[in-house]
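One structure is given below, encoded as structure tokens.
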2 protein chains.
Amino acid sequence: MNIYDISEKAGVSIATVSRVLNGSSRVSPKTREHVLAVMAEQGYVPNAFARGLGLKSMKTIGLLCPNAGDPYLALAITYLERAFRANGYDCLLSCTGKARSDRVKGVELLLSKLVDGMVLMGSTFLEANESGNKYLQNAAKRVPLVMLNAAYACENVYCVVCDDYRATMEATQSLLDSGRKNILYLYHSRNASGQKKLAGYQAGLQSRGLPIRDDLIHFFAEDKMSVPAVRDFLLSLAHQGLTFDAVLSSEDILSVGAAKYARVSRRSVPESLSIIGYNNSSFALCCEPELTSVDNKLEVLCNACVSTMLSVLSGKDAPQKTVYHAELVKRGSTL
Amino acid sequence: MNIYDISEKAGVSIATVSRVLNGSSRVSPKTREHVLAVMAEQGYVPNAFARGLGLKSMKTIGLLCPNAGDPYLALAITYLERAFRANGYDCLLSCTGKARSDRVKGVELLLSKLVDGMVLMGSTFLEANESGNKYLQNAAKRVPLVMLNAAYACENVYCVVCDDYRATMEATQSLLDSGRKNILYLYHSRNASGQKKLAGYQAGLQSRGLPIRDDLIHFFAEDKMSVPAVRDFLLSLAHQGLTFDAVLSSEDILSVGAAKYARVSRRSVPESLSIIGYNNSSFALCCEPELTSVDNKLEVLCNACVSTMLSVLSGKDAPQKTVYHAELVKRGSTL
DNA sequence: TTGTACGCGTTATCAC
DNA sequence: GTGATAACGCGTACAA
């Protein structure tokens with residue numbers, strides 16, 4: 001069942017059928033009705049490949065993420081997909097993993113599928129050295145790129161970020177201003193966003209005249225980022241004699257580990273230990289008391305990604321960079 | 001840069017270029033080398049739409065899920081996408097929500113994009129009445145359907161499920177055999193899978209000669225399925241005088257709520273209250289003690305979905321239904 | 001307002 | 001082995 005069959009059964013040319021199909025202007029209401037009736041009767045659906053061939057687009061967006069199993073990124077996928085779909089675009093998903101070669105391959109694969117644009121989720125896709133981002137520059141020559149939570153200045157690359165630096169700085173200041181002296185900082189990623197968060201923590205300390213102490217800053221590799229692992233690690237830290245009265249982390253799950261440490265070692269939260277998480281996820285609600293957490297407005301960011309992309313695709317100009325401010329959601333784990 | 005350009009620069013016909021491209025049969029090693037060299041030099045990538053038009057396939061699988069924000073489904077997406085990609089297929093994601101009309105639309109939209117097959121995640125896509133599943137039957141006439149965690153007997157529909165019934169039955173028996181008398185059952189979904197779990201719980205009770213008590217069975221709507229909400233609900237139940245010494249749930253997060261209830265009301269786990277969750281997710285590790293949980297082997301199920309789909313697509317015959325057995329992972333929340 | 005004819009970039013079927 | 005050439009199904013100038 002193709003456009004020729006319809007044109008024949010309807011007694012018109014394929015051009016007319018095509019016009020009806022594309023809601024195009026000049027078709028007499030009468031023939032339009034008739035053609036539509038025939039199409040409905042025959043259950044006709046235009047061939048997407050042929051259409052794509054002609055239009056050079058199948059209205060598809062590539063979604064790249066290092067790992068869709070991460071609840072945070074999973075949420076982002078939901079938000080992005082929903083918004084794109086509402087605007088007539090489908091999403092091709094590509095979970096590349098973090099290995100550089102796989103990420104590059106993922107980008108190329110999506111390009112080879114002729115997506116209209118790509119959204120790159122998280123700053124994992126950014127390399128420290130400029131030459132490492134050559135693959136992004138090349139991709140941007142073919143389709144618009146929108147980066148979520150990553151900042152990269154480049155032609156045809158648009159960035160939507162939350163101000164992680166300011167967020168952790170303010171969280172740190174909030175802890176200090178409530179009387180805390182020794183804030184443990186736990187983080188799980190050294191990518192650009194992870195570095196910003198760390199820098200914000202350090203800036204927060206310095207803004208109150210406190211030194212940056214390496215013994216209060218700890219990194220967790222991905223496979224070590226489980227609640228029990230963090231709990232045990234903090235237990236060992238305390239056992240070694242390290243003193244701390246607050247924990248700030250780059251991920252709620254790390255802070256849940258801290259809460260667990262507190263319970264096991266009978267330290268009361270928030271009286272003896274303040275805890276702040278990041279992402280304001282369901283995990284923040286798992287603890288007793290519930291965790292104060294930085295809400296980085298994921299849904300807002302995602303919607304901004306989509307509307308930016310749509311603007312670019314429709315030829316309108318869009319902001320190269322959009323920055324939102326995170327919000328500290330205060331709950332029972334802080335004074 | 002298309003196949004004509006390459007053929008011209010290489011001094012061969014497009015037929016030969018096409019043969020080289022498809023690793024196809026009889027091409028002299030010499031010309032093959034030459035053509036490959038020209039393609040590499042020109043950075044030629046064949047047009048996916050044109051290829052799709054000819055082959056009637058773009059090697060794309062449609063992934064349908066009611067809600068990718070659900071960590072469980074998010075994980076499933078990761079597993080499925082990874083396995084399909086490893087086999088040369090891309091995934092078109094469609095998060096439809098649970099409304100019936102949207103689900104039907106989602107299926108139709110993927111069909112209109114000419115996917116090679118579809119994976120439907122969760123039994124949300126199954127209706128109770130047979131006529132409600134007409135849309136699945138129709139879809140199955142066009143492409144193979146694989147259902148994850150849903151059983152539906154129909155031509156060209158393949159199902160991969162975990163035996164939820166047996167899983168909750170065994171979990172229930174395990175609780176009873178450890179001396180528990182009054183098991184609270186909390187669930188969050190009334191779809192086919194949710195009904196199986198509930199039935200398993202009931203069967204477990206009856207297998208030990210206990211009655212099914214409606215006052216011990218409670219449903220949580222999606223928006224009520226948060227840790228604090230469950231905690232508060234259990235507090236109110238206890239306040240009303242209901243006695244229970246164990247909680248079994250259809251979702252880890254519900255059980256986390258139960259753990260929180262226990263802490264707030266100073267009931268010790270597992271001495272005074274046993275708790276079992278479902279899915280064996282990260283949430284099960286958030287509590288102190290960690291939760292015993294039913295591991296329904298999601299990754300195994302997903303891989304089975306993919307290999308089933310690949311078999312069908314390659315013309316081999318595949319099992320109409322594949323059933324796996326869940327495993328009760330015992331942790332500190334049970335005796 | 002409607003129809004004709006060509007282009008889009010491949011794959012596949014023939015001949016040679 | 002290799003090369004013409006016809007599909008594949010649709011969009012769209014251009015003509016009528």
Side-chain angles (χ1 to χ4, degrees), chain A residues 1-39 42-60 88 90 109 111-116 142-143 313, chain B residues 1-39 42-60 88 90 109 111-116 142-143 313:
Chain A
M1 189 56 49
N2 59 28
I3 201 172
Y4 288 96
D5 299 326
I6 300 297
S7 79
E8 190 173 330
K9 288 188 200 298
V12 297
S13 77
I14 65 160
T16 301
V17 178
S18 179
R19 290 193 191 94
V20 171
L21 219 46
N22 298 295
S24 160
S25 42
R26 291 164 286 269
V27 183
S28 84
K30 187 181 164 188
T31 39
R32 153 165 291 132
E33 291 295 312
H34 182 52
V35 172
L36 282 174
V38 174
M39 296 199 316
Q42 302 291 325
Y44 167 69
V45 178
N47 182 294
F49 298 154
R51 178 174 246 172
L53 186 57
L55 296 177
K56 298 179 187 316
S57 158
M58 272 182 66
K59 301 213 72 167
T60 303
D90 275 344
L109 215 60
L111 284 179
S112 79
K113 292 267 179 159
L114 300 175
V115 294
D116 295 311
R142 310 196 57 79
V143 299
L313 290 178
Chain B
M1 188 57 49
N2 60 27
I3 202 172
Y4 287 97
D5 299 327
I6 300 297
S7 81
E8 189 174 330
K9 289 190 201 296
V12 296
S13 77
I14 63 163
T16 300
V17 177
S18 180
R19 289 194 191 94
V20 171
L21 218 47
N22 298 294
S24 158
S25 44
R26 288 165 287 268
V27 184
S28 85
K30 188 181 163 186
T31 40
R32 154 164 291 131
E33 290 295 311
H34 181 52
V35 171
L36 282 174
V38 173
M39 296 198 318
Q42 302 292 326
Y44 166 68
V45 178
N47 183 294
F49 298 155
R51 178 173 246 171
L53 186 56
L55 296 178
K56 299 180 188 313
S57 158
M58 271 181 69
K59 300 213 70 165
T60 303
D90 276 344
L109 215 60
L111 284 179
S112 79
K113 291 268 180 160
L114 299 176
V115 294
D116 295 308
R142 310 195 57 79
V143 298
L313 290 178

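Atoms considered below: every heavy atom in the structure, side chains included; atoms not considered: hydrogens, waters and symmetry mates. What you see is a predicted model, and the numbers here were worked out from it, not measured in a lab. Throughout, protein chains are lettered first and strands after them, A, B, ... in sequence-line order, and every chain is numbered starting at 1.
- Going from atom CD1 of A/I14 over to atom CG of A/N2 covers 9.0 Å, rounded to the nearest 0.5 Å.
- Side chain of B/K9 to main chain of B/Y4: no donor-acceptor pair is present (N/O by atom type, distance under 3.5 Å, no hydrogens or angles).
- Bounding nucleotides for the chain B contact on DNA chain D, 5' to 3', at a heavy-atom distance below 4.0 Å, are D/dG1 to D/dG9.
- At a threshold of 4.5 Å between non-hydrogen side-chain atoms, the residues B/L21 and B/Y44 count as touching.
- Atom CD of A/Q42 sits in a crowded spot, with more than 12 heavy atoms from other residues, nucleotides or ligands closer than 6.0 Å.
- Residues B/D116 and B/K56 approach most closely at OD1-O, 4.4 Å, considering heavy atoms.
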Tabulate atom names and distances for all N/O pairs under 3.5 angstrom spanning the protein and nucleotides 7-11 of chain C.
| from | atom 1 | to | atom 2 | distance (Å) |
| --- | --- | --- | --- | --- |
| C/dT10 | OP1 | B/Y44 | OH | 2.6 |
| C/dT10 | OP1 | B/N47 | N | 2.9 |
| C/dT10 | OP2 | B/I3 | N | 2.5 |
| C/dT10 | OP2 | B/Y44 | OH | 3.4 |
| C/dT10 | O5' | B/Y44 | OH | 3.3 |
| C/dT11 | OP1 | B/N22 | OD1 | 3.2 |
| C/dT11 | OP1 | B/N22 | ND2 | 3.3 |
| C/dT11 | OP1 | B/R51 | NE | 2.8 |
| C/dT11 | OP1 | B/R51 | NH2 | 3.0 |
| C/dT11 | OP2 | B/S18 | OG | 2.7 |

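- Between the side chains of A/T60 and A/D90, no donor N or O sits under 3.5 Å from an acceptor N or O.
- Between its two ends, the helix from C/dT1-D/dA16 to C/dC16-D/dG1 turns its axis by 40°, counting five pairs per end and rounding to 10 degrees.
- Between A/M58 and A/K113 the shortest side-chain heavy-atom distance does not fall below 4.5 Å.
- In this structure, A/S18 and A/N22 have side chains that are in contact, with non-hydrogen atoms separated by less than 4.5 Å.
- Of all the heavy atoms in A/V20 and A/R32, the pair that sits closest is CG2-CA, 4.1 Å.
- With contacts defined as side-chain heavy-atom distances shorter than 4.5 Å, the pair B/N47/B/R51 does not qualify.
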